[in-house]
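Being a predicted model, the structure only gives us computed values, none of them experimental. Quick note: residue numbers are just sequence positions, from 1.
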Amino acid sequence: IELAGFALLCVGLVAAERNWSAVYSALFHTISAFCNAGFSLYSDSLCRFGGNGLVVGTVMVLIVLGGLGHVVLRELQLELRRMALRQPPKYARRFSFHTRVVLTVSGVLVLGGAAALAVFGLGTEPGSGRFGQALFQSITARTAGFNTVDIGRLTMPSAMVVMLLMFIGGSPGSCAGGIKTTSFAIWLARIRSALHGHEEVSLLGRMVPPELVLRAVAVVGLAFIWNAAGVLILAEFLPAGTRLRDIVFEQMSAFGTVGLSTGLTSQLTAACRLWIIATMFVGRLGPLTLVLSFLTTKRPQTRYAEGRVMIG
């Protein structure tokens, strides 16, 4: 995948810069995009290539594939090979349940985020962004970190959309951070089941095991607690008058290992930088993994009497 992306970026960047040194830039940005790192050799990230369809399109594809997870990529590879050889599928369903959830949720987030950003605008005024730029920012917000527009000029609704995408992140087994697409999907399915009064949680025609539901709910809850604490810590150590929007954006960007910023990064104090470092580590490793590493796995020896309280 990276070799194919490198070849396409070589063509696009060499033609744009008219300099063979762009070959190194193509190699760097190929790896940075597929690994969802978001590091760029240009001071304005990829803003100068906002109108270059080959460069921007290649980077978007690399980001998406890098954020799907290796299990999903393997199944896509096998399906493409089957289609190329015109072989009949071995099973009624071509993809596993995990792959179907990842592809469905990723598609909804990318297209839904792009539509929202196109409506709310990518500049200081609503409706100021083209759909192509909105699509790129929707994809890169999922943990890649590149940008073709000035993030500091986003409207408030657009910034909130980007923050939600950064919080969700990519998929398990990928190069991405965040709570992951599968956790988000199961969490929404759990809410839907609760509203309908169902004990079982179903998703895409399958019943999700209770242990997976509990784990997904724990991941979302722990992530919310960590980020809420992070906003408070950053607000405490940052200079007075710092906008809350910029603080929340910086926190979500670190948790999703995205790297986007509204311009607050250069103002971080030493304490804030240490917290951002810890947040990036937790966001990449996963809050549940970190908590379970410190908690005992012994089963409780006592069982308490049932207690009921009013809810809602």
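- Nearest heavy atom pair, residue Asn36 against residue Ile63, reads ND2-O, 3.4 Å.
- One finds the CE atom of Met252 at 14.0 Å from the CG atom of Leu260 (value rounded to the nearest 0.5 Å).
- Grouping the Ile, Leu, Val, Met, Phe, Trp and Tyr side chains by contacts below 4.5 angstrom, directly or via other members, places Leu68 apart from Leu80.
- Residues Val55 and Ile31 do not share a hydrophobic cluster, clusters being chains of Ile/Leu/Val/Met/Phe/Trp/Tyr side chains in contact below 4.5 Å.
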Practice task
Give the C-alpha distance, both sets of side-chain angles, the deciding distance and a yes or no for side-chain contact (heavy atoms from CB on, under 4.5 Å) between Leu164 and Leu109.
Solution key: CA-CA 10 Å; Leu164 175 61; Leu109 290 176; over 6 Å; no
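- Looking only at atom types and distance, the side chain of Thr181 has a donor-acceptor partner in the side chain of Ser171 under 3.5 Å away.
- The backbone N or O of Ser202 sits less than 3.5 Å from a side-chain atom of Arg192, completing a donor-acceptor pair.
- In this structure, Lys180 and Arg284 approach most closely via the heavy-atom pair NZ-O, 4.4 Å.
- Side chain to side chain, Glu75 and Ser96 meet the donor-acceptor criterion of an N or O pair below 3.5 Å.
- Residue Cys35 comes nearest to Cys175 through the heavy atom pair O-CB, 3.3 Å, listed as atom of the first residue, atom of the second, then distance.
- Across all non-hydrogen atoms, the minimal contact from Val162 to Ala141 is CG1-CB, 3.9 Å.
- Looking only at side-chain heavy atoms (C-beta outward), Leu203 and Phe97 come within less than 4.5 Å of each other.
- Put simply, the side chain of Ser138 never gets that close to the backbone of Ala134: no donor and acceptor are under 3.5 Å apart.
- A heavy-atom distance below 4.5 Å is found between the side chains of Ile276 and Leu234.
- The CZ atom of Arg74 lies 12.0 Å from the OG1 atom of Thr99; values are rounded to the nearest 0.5 Å.
- Note that CD of Glu17 is 4.5 Å distant from CZ of Phe49, once rounded to the nearest 0.5 Å.
- Contact of the Val56 side chain with the Met60 side chain is registered, since non-hydrogen atoms from C-beta on lie closer than 4.5 Å.
- In plain terms, the two heavy atoms of Gln267 and Gly263 that are nearest each other are NE2-O, 3.8 Å.
- There is no path of hydrophobic side-chain contacts, each under 4.5 Å, that joins Tyr24 to Leu3.
- Here the CG atom belonging to Leu13 is positioned 7.5 Å from the NE2 atom belonging to His29, to the nearest 0.5 angstrom.
- For Met207, the CE atom sits in a packed shell: over 12 heavy atoms of surrounding residues, nucleotides or ligands are nearer than 6.0 Å.
- Residues Ser261 and Glu250 have side chains that bring a donor and an acceptor to within less than 3.5 angstrom of each other.
- Side chains of Thr279 and Trp275: a donor-acceptor N/O pair is present below 3.5 angstrom, by distance only.
- Rounding to the nearest 0.5 Å gives a distance of 7.5 Å between CG of Leu117 and CG of Leu154.
- Cluster membership for Leu285 and Val220, using ILVMFWY side-chain heavy atoms within less than 4.5 angstrom, is shared.
- Side-chain contact between Val59 and Phe136 is present, with heavy atoms from C-beta onward closer than 4.5 Å.
- In terms of heavy atoms, Ser32 sits closest to Gly38 at OG-N, 3.2 Å.
- Annotation: side chain of Ser43 is in contact with side chain of Arg48 (closest heavy-atom distance under 4.5 Å).
- The number of heavy atoms from other shown groups lying within 6.0 Å of OH (Tyr42) is above 12.
- Counting only heavy atoms from C-beta outward, the side chains of Thr140 and Asn147 never approach each other to under 4.5 Å.
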Handout entry: side-chain contact (heavy atoms from CB on, under 4.5 Å) between Ile168 and Val105, worked out
Key = CA-CA 10 Å; Ile168 298 173; Val105 177; 5.6 Å; no
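- The backbone N or O of Val258 sits nowhere less than 3.5 Å from a side-chain atom of Thr143 that would complete a donor-acceptor pair.
- In the displayed structure, Met280 atom CE is contacted under 6.0 Å by more than 12 heavy atoms of other residues, nucleotides or ligands.
- The neighbour count for Arg245 CZ, taken as heavy atoms of other residues, nucleotides or ligands under 6.0 Å away, is above 12.
- Heavy-atom neighbours of Glu199 CD from other residues, nucleotides or ligands within 6.0 Å: at or below the threshold of 12.
- In the hydrophobic clustering of this structure, Phe281 groups with Phe167; members are Ile, Leu, Val, Met, Phe, Trp, Tyr whose side-chain heavy atoms approach within less than 4.5 Å, directly or through other members.
- If you take CG on Leu135 and CG on Leu111, they are separated by 7.0 Å, rounding to the nearest 0.5 Å.
- By the 4.5 Å heavy-atom criterion applied to side chains, Leu238 and Leu264 are counted as neighbours.
- Of the possible donor and acceptor atoms, one in the side chain of Gln137 sits under 3.5 Å from a partner among the backbone N and O of Thr148.
- With a 4.5 Å cut-off on side-chain heavy atoms, Thr269 and Cys272 count as touching.
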